[in-house]
Each structure stands twice: as structure tokens, then as C-alpha cells.
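What follows is a set of notes on a single structure, which appears directly below.
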Amino acid sequence: MVADVVVVPPTPASFETSEYNTQYGLGKINASEIYSDGYNGSGVIVGVIDTGVDIDHPDLVSNIASGGYDYVSGDSDASPSSQGSSMSHGTHVAGIIAGMKNDVGMHGVAYSAKILPLRAGSSDGSFVSGDIESSIDRAISQNAKVINASFGGNSIATSLADKWKSAHTNDIVTVHAAGNSYDVNNPSVGANPLLGAQLPYHDGYEDLSATLIAVVATNSSNVITSYSNRCGIAKNWCVAAPGDGIYSTVAVDDNNYASNYGTMSGTSMADPHVAGAVAVLRSKWPSKSAAQVVTILYDTATDLGAAGIDVIYGRGLLNLDNALFAQ
């Protein structure tokens with residue numbers, strides 16, 4: 001007689017490796033719970049519109065989707081030919097979303113998702129509206145389910161605003177950094193997110209509140225950072241995520257860092273936590289619409305600050321453990 005084989009399912013603790021713990025944001029959003037249930041972003045493409053991604057980085061190379069584009073240099077290699085610090089911002093963002101789970105360095109929130117690198121930011125960190133628009137079009141054509149936008153400004157061209165509307169109509173969740181301009185001495189400065197993140201507040205773009213997420217940055221104590229813009233008028237479509245002192249991938253030959261990894265802070269780092277979380281949820285529920293997934297994310301966030309939806313933290317702190325049990 002052959003004894004029955006008992007298969008023991010993985011526990012959340014089995015995913016809390018040194019690689020997991022090195023990026024403290026994963027623990028703050030309770031990512032190990034959903035990993036133990038078998039979901040990690042597999043099959044989901046995330047468009048990263050940024051300053052470029054080091055597509056050869058050893059912790060990203062297997063998670064790069066084909067079809068990316070460098071709109072600044074005008075070529076299909078989404079990794080800029082002149083590598084270095086200008087590319088580390090986008091590489092850092094990409095690592096937070098989908099750094100590989102390979103027992104090296106750190107890993108991303110959606111460690112089995114694919115990054116579609118879309119370069120629209122130049123070496124000085126400035127973004128050209130037309131390049132962002134082209135990037136959104138390409139994300140749509142390449143079947144991205146999420147777009148990460150770790151940039152913003154206090155003005156936006158109508159043509160670009162309309163492109164975000166196009167992403168919405170194509171069932172894409174767009175995730176927007178709130179900005180880093182809050183002034184503790186003058187709280188009216190930064191009381192609201194940058195314009196891209198507050199777009200649903202404006203006439204003609206109200207429907208975007210169903211799929212557009214504004215993101216503010218919290219620290220390792222789950223308190224909003226001194227520099228993060230607040231949710232303000234975007235509170236109904238705003239969430240908080242870890243953004244202070246986040247460890248992730250950087251451009252391999254960037255002389256500003258001693259290794260292939262570095263620490264950065266800002267709502268640019270909080271934003272990809274949410275983009276990665278959306279990718280994980282879309283891998284769990286591939287048949288749910290973008291709006292349905294966003295609703296789950298809002299309804300399962302951990303309340304912070306004033307009870308309920310508030311102008312500081314919006315819906316609250318991202319919580320993948322709670323989201324796991326949503327219907």
C-alpha cells in the first residue's frame with residue numbers, strides 16, 4: 001500500500017525571505033498573504049512611463065516585456081543609450097513593481113508581472129507631453145493592464161488629459177504620484193495632488209475616478225511623509241503606500257550607487273507599490289474590469305488618520321491581505 005501524499009500549502013511566512021524583508025514596503029502592504037494564495041502578477045503587463053529602465057539589470061531582465069520604446073531618443077530600445085543616473089529613477093520604479101524573486105537583492109510587489117518600459121523623461125527629469133501621450137498609446141496597443149506615472153505637474157495639456165481618458169476606456173488602471181511639494185510651514189502648498197492625479201476632479205474627466213488612482217507616500221511607521229502632497233480634493237480616488245527610504249534596483253553603471261541597488265524616497269516610490277498591487281489583483285481576477293479591481297483596492301485599504309475617507313490619506317493604506325479576501 002502506498003501512503004497518501006499530503007501537500008502542505010505555502011504559508012505567508014515562507015514568502016517573508018531576506019529578499020522580501022529588504023524592501024520593507026512589502027511587509028507594510030501585507031504582500032506575503034496574497035503570495036501564499038498563489039498570486040504575484042503573472043500574466044499582467046505594467047507600462048512604466050518614466051526616465052528609462054535598465055532592461056539588462058540582473059533583477060529585471062526576465063521581467064521585461066517586448067514592445068517598449070524610448071520616445072526621448074526615438075528608438076525601440078527602451079533603455080537609453082547613455083545610461084546612468086538619468087535612468088535610475090525609472091529603474092527604481094520598475095524594481096518596486098516587478099523586481100524578480102530570485103534570492104538576490106529585493107523583489108517587486110508583482111514579481112511575476114512584466115514591465116513595458118516607456119521612456120518619456122529626459123536626463124534632467126523633465127517630461128514632454130507628446131512623449132507621454134505616445135507612451136500611453138503604446139501601453140494600450142501592447143495590452144498593458146496598468147500604467148505607472150511617477151511624475152506630474154501643475155498643468156496638463158488637454159491632449160494628454162484625453163489620453164488618460166483613452167486609457168480609462170481601454171480598461172487600464174492608471175496610477176499617479178501625488179507629488180513631493182507639501183510645505184509644513186504653508187499647508188496650502190501641496191494640500192492637493194499634482195494635476196494628473198487630481199484629473200477626475202475636473203469637468204469632463206469625472207469618469208476617470210473609477211480607474212485613476214492618486215498615491216501619497218507614507219514612511220516605515222505608516223505616517224504620511226513631510227514632503228508628500230496630501231490627497232485633498234482627490235481623496236475619493238487616493239490611497240497611501242510606502243514611499244520613504246525604499247530599496248530597489250538602479251541603473252547598473254550609475255556611479256551614484258555602490259551596487260545595482262539603492263534607496264530613494266518620494267511619492268514616485270509609493271506609486272509603484274500601488275501599480276504592483278493592481279497587477280497582483282488583476283492576476284487574481286483576470287475577468288474583473290479595471291474599475292472593479294480599483295474598488296476592491298479602495299474597500300480593503302487600512303484606514304489611517306481621521307476615520308473614513310479623509311484629505312490626508314484618502315482611502316487609507318494599501319493592504320493586499322485584506323484584498324485577498326474580497327469577493
Side-chain angles (χ1 to χ4, degrees), residues 45-100 108 113-153 155-164 166-167 170 172 174-177 194 196 248-257 259-262 264 266-269 271-272 275:
I45 295 173
V46 182
V48 175
I49 304 176
D50 216 290
T51 61
V53 174
D54 185 349
I55 60 176
D56 297 318
H57 193 289
D59 226 353
L60 292 173
V61 63
S62 295
N63 283 352
I64 301 297
S66 62
Y69 199 84
D70 177 353
Y71 287 99
V72 177
S73 299
D75 63 61
S76 58
D77 183 355
S79 182
S81 57
S82 177
Q83 297 185 2
S85 60
S86 65
M87 191 170 56
S88 278
H89 186 277
T91 303
H92 200 268
V93 166
I96 296 168
I97 296 170
M100 294 155 50
K114 298 293 185 183
I115 295 293
L116 180 70
L118 299 163
R119 187 185 181 214
S122 61
S123 59
D124 64 359
S126 61
F127 285 72
V128 175
S129 182
D131 292 342
I132 301 171
E133 293 171 29
S134 296
S135 295
I136 296 169
D137 284 339
R138 184 168 284 255
I140 293 169
S141 69
Q142 296 297 315
N143 299 312
K145 293 296 184 183
V146 192
I147 296 176
N148 189 92
S150 286
F151 57 86
S155 63
I156 186 169
T158 300
S159 56
L160 176 54
D162 288 344
K163 289 295 183 183
W164 290 124
S166 181
N170 279 277
I172 296 175
T174 63
V175 189
H176 300 251
L194 297 172
S248 183
T249 49
V250 294
V252 170
D253 62 354
D254 182 353
N255 293 328
N256 290 331
Y257 296 92
S259 70
N260 299 344
Y261 304 88
M264 295 186 187
T267 56
S268 284
M269 284 64 250
D271 207 44

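For the numbers below, each heavy atom of this structure counts, side chains included, while hydrogens, waters and symmetry mates do not.
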Is [X] reaching over with its side chain to a backbone N or O of [Y], donor-acceptor style, under 3.5 angstrom?
X	Y	result
D70	V72	yes
H57	V252	no
K114	S62	yes
N63	A98	yes
N170	S166	yes
D54	T91	no
T51	G121	no
S141	R138	yes

**Request:** Could you check V93 against N148 for side chain to side chain contact (heavy atoms under 4.5 Å, CB included), going step by step and ending with a plain yes or no?
**Result:** CA-CA 9 Å; V93 166; N148 189 92; 3.4 Å; yes

So, for [X] and [Y], which heavy atoms are closest and what is the spacing to 0.1 Å?
X	Y	result
L194	A177	CD1-O, 4.3 Å
A120	I49	CB-CG2, 3.8 Å
N260	P58	ND2-CG, 3.6 Å
S88	Y257	OG-CE1, 4.2 Å
P272	I97	CB-CG1, 3.3 Å
Q142	S66	OE1-O, 3.8 Å

**Request:** Could you give me the CA-CA distance, side-chain angles and deciding distance for V46 and L116, then say whether side chain to side chain contact (heavy atoms under 4.5 Å, CB included) is met?
**Result:** CA-CA 6 Å; V46 182; L116 180 70; over 6 Å; no

**Message:** Just verifying a value: how many Å separate L118 CG and Y71 OH, rounded to the nearest 0.5 Å?
**Reply:** 6.5 Å

**Distance, nearest 0.5 Å, that separates CD1 of I147 from OG1 of T174** = 6.5 Å

**Request:** Please work out which of the three classes, parallel, tilted or perpendicular, describes the rings of W164 and H176, given edges at 30° and 60°.
**Result:** perpendicular

**Asked** Do V146 and I172 have side chains that get closer than 4.5 Å, going by heavy atoms?
**Response** no

**Prompt:** Is there side-chain contact between D131 and S129, with heavy atoms separated by less than 4.5 Å?
**Reply:** no

**Request:** State whether a side-chain donor-acceptor pair under 3.5 Å links S268 with H89.
**Result:** yes

**Prompt:** Is it true that the side chains of S135 and D137 contain a donor and an acceptor less than 3.5 Å apart?
**Reply:** no

**Asked** Can you list the steps and then say if I132 with F151 is a side chain to side chain contact (heavy atoms under 4.5 Å, CB included)?
**Response** CA-CA 10 Å; I132 301 171; F151 57 86; 3.5 Å; yes

**Prompt:** Is a salt bridge present between R119 and D50, judged by a nitrogen-to-oxygen distance below 4.0 Å?
**Reply:** no

**Prompt:** Does the side chain to side chain contact (heavy atoms under 4.5 Å, CB included) test come out yes or no for I96 and M269, once each step is laid out?
**Reply:** CA-CA 7 Å; I96 296 168; M269 284 64 250; 4.0 Å; yes

